[in-house]
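To start, the structure under review is shown below, and the notes come after it.
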Amino acid sequence: MTARRSDGKAGRLVSDDGNYLLEARLACVEDIGALSGQIDRIPGVVGHSLFYQIAAKAIIAKKDHIEVVQAAWKN
């Protein structure tokens, strides 16, 4: 896990509410629901962007194409 940084700012990025933004890259997650719950239970963590059972589809703009990722779960 690393602090999120930007070329346009000096130092760590901070949310509008004054919270530090961190980045984590995960190779493979077997159970996204379990991971979401584990992160939610970490003291001091305000939120995460897993969007488990909130968003059913992600549209990701890459440099040379658009990727659409559909959630495996159903509401």
Side-chain angles (χ1 to χ4, degrees):
M1 191 170 321
T2 59
R4 184 177 286 181
R5 297 182 182 274
S6 170
D7 292 337
K9 294 187 175 187
R12 297 178 184 164
L13 287 181
V14 179
S15 74
D16 291 341
D17 294 323
N19 302 304
Y20 289 113
L21 301 177
L22 301 175
E23 262 191 50
R25 296 192 182 263
L26 308 172
C28 180
V29 177
E30 293 292 324
D31 186 344
I32 196 77
L35 177 60
S36 177
Q38 289 170 347
I39 294 172
D40 287 338
R41 290 188 295 277
I42 297 173
V45 172
V46 176
H48 56 75
S49 57
L50 293 177
F51 304 113
Y52 177 66
Q53 292 188 327
I54 295 172
K57 185 184 290 186
I59 301 171
I60 304 165
K62 303 277 185 158
K63 184 177 181 178
D64 58 349
H65 68 283
I66 301 293
E67 181 178 346
V68 178
V69 179
Q70 181 71 41
W73 52 266
K74 302 284 185 203
N75 281 342

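For the salt bridge (charged side-chain N to carboxylate O under 4.0 Å, His left out) test, no residue two or more places apart in sequence or in another chain qualifies with K57. Annotation: side-chain contact (heavy atoms from CB on, under 4.5 Å) contacts of D31 (sequence neighbours excluded): A34. In terms of the side-chain contact (heavy atoms from CB on, under 4.5 Å) criterion, residue partners of I42 (sequence neighbours excluded) are, by chain and number, V45. With sequence neighbours excluded, no residue satisfies salt bridge (charged side-chain N to carboxylate O under 4.0 Å, His left out) with E30.
Annotation: the span from L50 atom CG to L35 atom CG amounts to 5.5 Å, rounded to 0.5 Å.
Under the 3.5 Å distance criterion, the side-chain polar atoms of E67 are left unmatched by any main-chain donor or acceptor of I59.
Within 6.0 Å of CG on D16 lie no more than 12 heavy atoms contributed by other residues, nucleotides or ligands.
Annotation: side-chain hydrogen bond (donor to acceptor under 3.5 Å, both in side chains) contacts involving residues 37-48, sequence neighbours excluded, comprise S36-H48, D40-H48.
By the 4.5 Å side-chain criterion applied to Ile, Leu, Val, Met, Phe, Trp and Tyr, I60 is assigned to a cluster that also includes V69.
Under a hydrophobic-cluster definition in which Ile, Leu, Val, Met, Phe, Trp and Tyr are linked whenever side-chain heavy atoms come within less than 4.5 Å, directly or via other members, I39 and L26 are assigned to the same cluster.
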